[in-house]
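The structure appears below as structure tokens.
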There are 4 protein chains.
Amino acid sequence: MVGGMQIRTPACGPGRPGRPRSAAADTAILAATREALVELGWSKLTLGDVATRAGVAKTTLYRRWAGKNELVVDAVAELFGELELPDRGSLAADIEGVVLQFAAILARPEAKSGLMAAVAESTRDDALRERIRASIVDPQKDLVLEGRARAQARGELPAETDPAEAARTVDLIFDVVAGAVVHRTLVSAEPADEEWVRGFTRVLLQGLSPASAAPGPSDSPGTSDHSPGPSGD
Amino acid sequence: MVGGMQIRTPACGPGRPGRPRSAAADTAILAATREALVELGWSKLTLGDVATRAGVAKTTLYRRWAGKNELVVDAVAELFGELELPDRGSLAADIEGVVLQFAAILARPEAKSGLMAAVAESTRDDALRERIRASIVDPQKDLVLEGRARAQARGELPAETDPAEAARTVDLIFDVVAGAVVHRTLVSAEPADEEWVRGFTRVLLQGLSPASAAPGPSDSPGTSDHSPGPSGD
Amino acid sequence: MVGGMQIRTPACGPGRPGRPRSAAADTAILAATREALVELGWSKLTLGDVATRAGVAKTTLYRRWAGKNELVVDAVAELFGELELPDRGSLAADIEGVVLQFAAILARPEAKSGLMAAVAESTRDDALRERIRASIVDPQKDLVLEGRARAQARGELPAETDPAEAARTVDLIFDVVAGAVVHRTLVSAEPADEEWVRGFTRVLLQGLSPASAAPGPSDSPGTSDHSPGPSGD
Amino acid sequence: MVGGMQIRTPACGPGRPGRPRSAAADTAILAATREALVELGWSKLTLGDVATRAGVAKTTLYRRWAGKNELVVDAVAELFGELELPDRGSLAADIEGVVLQFAAILARPEAKSGLMAAVAESTRDDALRERIRASIVDPQKDLVLEGRARAQARGELPAETDPAEAARTVDLIFDVVAGAVVHRTLVSAEPADEEWVRGFTRVLLQGLSPASAAPGPSDSPGTSDHSPGPSGD
DNA sequence: GCTTAACCGAGACGGTACGTCAAGTCTTGTT
DNA sequence: AACAAGACTTGACGTACCGTCTCGGTTAAGC
């Protein structure tokens with residue numbers, strides 16, 4: 001599922017003595033966590049309540065997760081596991097597609113409440129940040145890598161020459177894409193809908209400068225002369 | 001200072017009878033809040049501890065703020081009040097300057113811990129989101145507006161024709177800039193230093209597409225949509 | 001009330017700042033403790049339940065008592081505070097009277113459950129033993145002293161000459177009297193009723209040996225140390 | 001050993017199917033129980049800890065005893081099994097001897113902690129009281145009976161005429177003796193040493209009244225005229 | 001200079017959730 | 001069938017903070 005979920009993997013081998021852990025409990029607990037996130041939000045979510053919802057004892061919960069943070073990260077990570085990168089034929093379309101998927105997940109209240117709170121906590125908890133990275137961030141970054149490879153195969157992007165520079169750029173792209181969607185959704189509290197995603201993709205690919213104002217995908221090509229372009233600051 | 005800070009302005013007129021509130025208390029409380037944020041982080045910050053640090057009774061604190069969320073927002077808002085937009089001569093330089101300032105503030109632990117947690121809470125509290133917007137977000141957005149006006153005066157950007165479209169674009173830019181810095185700082189947990197800011201500004205102004213890969217923002221490419229260029233991921 | 005009840009007497013002076021403790025809470029808590037002892041016994045008594053019964057928060061309870069042991073000792077001590085030593089005209093009658101009172105208190109289930117458990121705990125807790133001594137044992141021992149003084153005034157007992165020896169004897173008497181009643185009530189689980197108390201008093205005053213088997217305590221035997229008599233087992 | 005120890009005797013016949021119970025386990029468990037009583041006392045003794053000390057699974061423990069109470073009673077009963085009544089030549093000497101033995105056992109921490117707690121629990125648990133009676137109390141009472149028979153054979157005590165009255169007297173003696181030692185040891189927390197036992201035996205045999213003030217075993221006989229005797233209340 | 005109303009500190013109050021622990025049961029695989 | 005191991009449910013533990021309240025004692029402004 002997520003990996004590294006257990007507070008400490010107790011020698012998970014099958015020949016281990018004693019009663020094995022209930023596999024159904026994990027599923028029920030994570031589902032209950034998401035349900036509680038929707039109803040109560042992060043700050044009012046309590047582990048006792050999650051345990052009750054999951055039909056599980058509180059101790060079972062503490063046996064498997066170190067605390068609220070770790071539990072919520074795992075619960076939210078399952079949401080982001082749904083992200084895919086279907087081939088839509090062009091870099092712009094691929095970006096729009098995956099950004100819309102990301103935005104759709106982030107629009108769900110359990111993701112909103114849980115993810116940002118976990119990130120906030122991770123500023124003071126290196127292990128938590130690593131957990132978030134491993135179970136949520138890195139899989140997303142893999143999509144960026146896949147999209148770049150696809151665009152390079154299509155000839156839309158050049159093959160990178162300097163691997164270190166390439167890695168830096170991927171990180172940059174990822175921060176811009178994910179950050180913009182998150183900020184739009186959480187801080188501005190406006191939907192990252194198709195129209196916004198089109199505008200965002202245009203800026204991402206072509207930038208703000210009028211010099212680079214090629215017609216966006218929603219414009220009718222050839223009329224770019226009198227379209228003002230993505231003006232801004 | 002921040003505005004709307006008090007939980008309910010108790011008929012703030014100067015001729016009001018009774019002992020006036022201690023102005024020093026506000027200052028001490030907000031400073032103590034930031035101090036506690038640095039030492040403890042959001043989740044372990046308690047109002048009782050803040051009151052003790054500020055040399056103030058807990059009731060004094062509750063008399064002025066509705067709760068932890070509101071208090072922290074006000075404490076963090078003072079940090080962002082330092083943001084300015086000095087004229088550095090070009091749009092790119094202005095952007096780099098303000099983004100670096102923003103990144104410097106966000107690098108401080110009290111901002112990291114406090115801001116994201118407050119944003120997470122605001123997903124379930126409209127009043128809190130409005131407070132964040134009024135005291136933190138809108139002043140920042142004003143900087144974007146100011147920068148755009150300055151760039152238009154310099155001729156770097158065209159004057160907008162459609163005010164609604166212009167507003168949408170400002171919002172988009174703001175989400176991209178703020179979101180990228182926040183994501184870089186908090187999620188990727190890497191410093192948004194000068195090198196990163198340069199790369200980010202280039203992407204923001206010119207985009208990823210090789211089409212826009214001209215060396216300067218005033219350059220007029222358009223020669224080839226598919227010729228490989230230096231930028232891109 | 002009992003003395004030393006509070007976990008730490010918080011400078012009980014009247015001019016002390018802050019909200020004063022509710023005096024009614026103490027009364028309600030101790031009554032609730034006895035009620036719970038009757039219904040549940042020591043081992044199933046929980047502080048949370050006592051708090052609920054008393055209409056008081058659990059924290060209020062912990063603020064005033066260090067734990068279950070101390071609380072129960074104070075609750076039981078109030079029962080033994082009822083003991084008196086009315087003058088019934090003779091040493092034997094005085095003894096019978098006070099022993100019957102003691103037995104009546106010890107017959108109550110809250111005393112049975114609570115006292116012995118507290119004593120058992122006190123074998124590993126010096127502070128608890130001291131508390132028991134101060135609030136339960138010493139007041140009872142004072143009755144023994146008073147009874148002896150009264151008997152000496154009546155001429156039934158000679159005035160003591162060696163104070164140390166006198167103190168040892170008082171301790172011995174007390175252990176015999178209290179121990180016998182406790183053992184009868186708790187271990188043998190038989191009522192210490194009037195008949196038993198008469199028999200016990202006779203043994204206490206005259207002993208088992210036939211030599212002392214004269215009808216009244218003022219009788220002067222001494223004829224033979226070893227001649228068999230009517231009493232004895 | 002103790003009798004009725006098993007929670008349910010599982011058809012103890014030798015031809016019984018399945019793996020037989022480990023005989024060593026019982027010994028190890030009871031010894032571990034006493035060890036834990038010494039180290040932790042009753043209230044902090046846990047069955048899991050006992051199982052660990054005994055090198056036995058918790059389930060093995062529950063298979064044989066119903067709970068903590070029963071286990072501790074059996075563990076303590078083994079201590080009191082050591083009691084004997086050697087013939088010391090006189091009733092007084094016999095009493096002193098057995099009381100000293102009893103006091104020595106009761107001075108051991110595992111007896112102190114365990115016995116009184118079990119007695120306290122037995123006030124609300126008839127089966128437990130019966131178990132205590134059968135395995136601890138009745139064997140002790142048998143010693144009283146034996147001592148009386150011996151004293152009667154010596155002529156120190158008359159033969160009883162009314163069997164019911166005789167039984168009542170034995171019970172009384174037993175409550176007085178055991179109760180006094182227990183109270184001395186646990187409540188007064190003073191050692192029931194030889195000196196105390198001499199004083200106690202004198203009171204038991206001769207009573208408090210000066211009329212019956214024969215010289216005690218530690219007194220020099222013949223000087224009883226000016227010795228005040230066992231004064232007290 | 002005397003009210004008077006609102007402030008302030010201290011701290012007890014009824015609650016809620018925490019994270020831990022023990023009791024006692026159940027499920028494995030092994031002896 | 002008893003055993004060791006250990007996961008399970010249940011529920012109490014004692015702690016920490018919550019947000020409210022009740023005190024006694026300060027300040028100022030305004031009469």
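Remember, it's a predicted structure, so these values are computed and weren't measured experimentally. Lettering of chains follows the sequences in order, A, B, ..., and the numbering in each one begins at 1.
Distances from the side chain of B:L47 to the nucleotides E:dA23, F:dA7, F:dG19 place F:dG19 closest. The side chain of B:R21 lies closest to E:dC8 when the candidates are F:dA5, F:dA4, E:dC8. Closest contact between the side chain of B:R63 and the listed nucleotides E:dC8, E:dA23, E:dC13 involves E:dC8. Side chain of C:T60, nearest nucleotide from E:dC18, E:dT27, E:dG14: E:dG14. Here the nucleotide nearest the side chain of A:P20, chosen from E:dT28, E:dC26, E:dG9, is E:dT28.
Comparing C:G55 and A:T46 along DNA chain E, the residue whose closest nucleotide (by nearest heavy atom) sits nearer the 5' end is C:G55. In terms of position along DNA chain E, the nucleotide closest to C:A57 lies nearer the 5' end than the nucleotide closest to the other residue of the pair C:A57 and A:K68. Nearest-nucleotide positions on DNA chain F for C:G48 and A:R19 put A:R19 closer to the 5' end. In terms of position on DNA chain F, the residue among A:A23 and A:G18 whose nearest nucleotide sits closer to the 5' end is A:G18.
For A:W42 against A:K68, the heavy-atom pair with the smallest separation is O-NZ, 3.0 Å. In terms of heavy atoms, C:V76 sits closest to C:G114 at CG2-CA, 4.2 Å.
How far CZ of C:R124 is from CZ of C:R129: 11.0 Å, rounded to the nearest 0.5 Å.
Between C:D49 atom CG and F:dG11 atom C1' the separation is 13 Å, expressed in whole Å. Spacing between atom OH of D:Y62 and atom P of F:dA4 amounts to 15 Å, rounded to whole angstrom units. One can place CZ of B:R53 at 17 Å from P of E:dG9, the figure rounded to the nearest angstrom. If you measure from atom CG of B:L40 to atom P of F:dA16, you get 14 Å, rounded to the nearest angstrom. Atom C1' of nucleotide E:dT25 and atom CG of D:L61 are separated by 14 Å, given to the nearest angstrom. In this entry the distance linking CD1 of A:I29 with P of F:dT9 reads 8 Å, nearest Å. Taking atom CG on C:N69 and atom P on F:dA12, their separation rounds to 18 Å, with Å as the unit. Nucleotide E:dA6 holds its P atom 15 Å from the CZ atom of B:R64, rounded to whole Å.
Using a 4.0 Å heavy-atom criterion, one finds that A:S22 contacts the sugar-phosphate atoms exclusively.
The base of F:dG19 lies close enough to the side chain of B:K58 for a donor and an acceptor atom to sit less than 3.5 Å apart. The base of E:dG15 is paired with the side chain of C:T59 by a donor and an acceptor separated by under 3.5 Å.
Residues A:E78 and A:R34 are paired through a salt bridge, judged by an N-O separation under 4.0 Å between the basic side chain and the carboxylate. For the pair A:R53 and A:D49, the salt-bridge criterion is met [side-chain N within less than 4.0 Å of a carboxylate O].
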